Amino acid sequence: MRVRVEAPCRPTESLGKVERALLNLFPDLAFEPEDDRVVGTTASLERLRELIRDQRIRDSARSQFLKGRAGDRTRIMLNKQAAFVGRVNFSTGSPLGDISVEIQADDLAAAIDYVAESTVDAPR
C-alpha cells in the first residue's frame, strides 16, 4: 500500500504547522521537498484508522473512500485546520486548501475495509 498526502502551504501559514497537521493524521510521513506544498508518503493508515474509529465516523469515512475510488486508488480531501488539532473532517474547498490523501493498494477494498469498515450488517 502507498499513501501520498499533499497540502498547500499558503504564504500566511507556517510550514511547520502545516507539517504538524499532516503528522497528526500520519505520524510516520516521509516528507518530500516542494515549493508551495507539503508532500509526504507513508505505508501506514493506522493513526487515521484510530481517529476515524474514535470519532465514530466509520460509515461516513467509508462513503468518502468509496466515492473517491478509481481503479486501484482512492482519493479523499481532509480539512487542514481539523487535522492540526488531531481530528478527521472531510472537506470540499477550504480557503486555506485541503489535505489531499491518495491511497493506492493492490487490494483497495481490503484497505478501505481496514481503515473504515462498515458498521452496517450485510443482509442475510
Side-chain angles (χ1 to χ4, degrees):
M1 177 172 19
R2 180 179 169 276
V3 182
R4 185 174 193 276
V5 181
E6 182 177 331
C9 185
R10 305 282 191 239
T12 57
E13 292 180 299
S14 159
L15 176 64
K17 287 183 178 181
V18 174
E19 288 177 346
R20 171 59 38 213
L22 301 184
L23 289 170
N24 283 341
L25 304 181
F26 304 95
D28 61 345
L29 206 58
F31 291 109
E32 303 165 7
E34 291 279 332
D35 288 333
D36 60 345
R37 306 188 77 64
V38 178
V39 178
T41 56
T42 183
S44 174
L45 294 169
E46 186 61 34
R47 179 69 179 146
L48 184 64
R49 177 179 191 252
E50 289 173 11
L51 292 169
I52 287 170
R53 290 179 65 87
D54 291 349
Q55 289 178 230
R56 299 178 183 209
I57 57 170
R58 286 182 293 188
D59 288 324
S60 51
R62 181 179 186 79
S63 170
Q64 292 294 315
F65 284 116
L66 294 174
K67 187 168 77 172
R69 188 174 183 171
D72 66 345
R73 301 170 192 251
T74 188
R75 177 170 297 187
I76 58 170
M77 302 301 279
L78 301 174
N79 182 284
K80 202 185 324 178
Q81 291 170 307
F84 185 75
V85 295
R87 305 284 293 172
V88 175
N89 186 341
F90 296 93
S91 186
T92 56
S94 167
L96 293 177
D98 296 323
I99 299 170
S100 170
V101 179
E102 183 179 84
I103 301 165
Q104 180 179 7
D106 292 333
D107 188 352
L108 186 59
I112 292 171
D113 284 344
Y114 172 75
V115 176
E117 71 274 13
S118 178
T119 63
V120 179
D121 290 332
R124 296 177 188 202

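As the structure is a computational prediction, the values presented were derived from the model and not from experiment.
The shortest side-chain heavy-atom distance between Asn79 and Phe90 does not fall under the 4.5 Å cut-off. Put simply, the side chain of Arg87 does not reach to within 4.5 Å of the side chain of Leu51, judged on heavy atoms. You'll find the side chain of Leu15 reaches within 4.5 Å of the side chain of Cys9, heavy atoms only. Side-chain contact check for Phe26 versus Val101: some heavy-atom pair is nearer than 4.5 Å. Between Leu78 and Leu25, some side-chain heavy-atom pair lies under the 4.5 Å cut-off. Put simply, the side chain of Leu45 reaches to within 4.5 Å of the side chain of Met1, judged on heavy atoms. A heavy-atom distance below 4.5 Å is found between the side chains of Ile103 and Leu108. The closest side-chain heavy-atom distance from Ile99 to Val5 is below 4.5 Å.
Using a 4.0 Å cut-off between charged nitrogen and carboxylate oxygen, Arg4 and Glu102 do not count as a salt-bridge pair. Here Arg47 pairs with Glu50 in a salt bridge; the nearest charged N to carboxylate O distance falls below 4.0 Å. Salt-bridge check for Arg75 with Glu6: failed, with every basic side-chain N at 4.0 Å or more from each acidic carboxylate O.
Judged as a salt bridge (charged side-chain N to carboxylate O under 4.0 Å, His left out), and not counting sequence neighbours, the contacts of Asp113 are Arg62.
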Task: Evaluation steps, salt bridge (Lys or Arg N to Asp or Glu O under 4.0 Å), between Glu32 and Arg37 - done: CA-CA 10 Å; Glu32 303 165 7; Arg37 306 188 77 64; over 6 Å; no
- [ ] Could you please spell out the steps behind the side-chain contact (heavy atoms from CB on, under 4.5 Å) verdict for Leu29 and Thr41?
- [x] CA-CA 5 Å; Leu29 206 58; Thr41 56; 5.6 Å; no
- [ ] Take Ile76 and Phe65 through the side-chain contact (heavy atoms from CB on, under 4.5 Å) test and state the conclusion after the steps.
- [x] CA-CA 6 Å; Ile76 58 170; Phe65 284 116; 3.6 Å; yes
TODO: Apply side-chain contact (heavy atoms from CB on, under 4.5 Å) to Val3 and Ser44, showing your working.
DONE: CA-CA 7 Å; Val3 182; Ser44 174; over 6 Å; no
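Expressed to the nearest 0.5 Å, how far CE of Met77 lies from CG of Asp98 amounts to 4.5 Å.
Note on Val115: it clusters hydrophobically with Ile57, by side-chain heavy-atom contacts below 4.5 Å among ILVMFWY residues. A continuous path of ILVMFWY side-chain contacts below 4.5 Å connects Ile112 to Tyr114, so both sit in one hydrophobic cluster. Hydrophobic cluster membership differs between Val38 and Phe84, with clusters built from Ile, Leu, Val, Met, Phe, Trp and Tyr side chains linked at under 4.5 angstrom.
The closest donor-acceptor contact from the side chain of Gln104 to the backbone of Asp72 lies at 3.5 Å or more, if one exists at all.
Screening residues 10-21 for side-chain hydrogen bond (donor to acceptor under 3.5 Å, both in side chains), with sequence neighbours left out, gives Glu13-Lys80.
For the residue pair Pro8 and Val18, the shortest heavy atom distance occurs at O-CG1, 4.1 Å.
Remark: Arg58 CZ is packed, more than 12 non-hydrogen atoms of other residues, nucleotides or ligands lying under 6.0 Å away.
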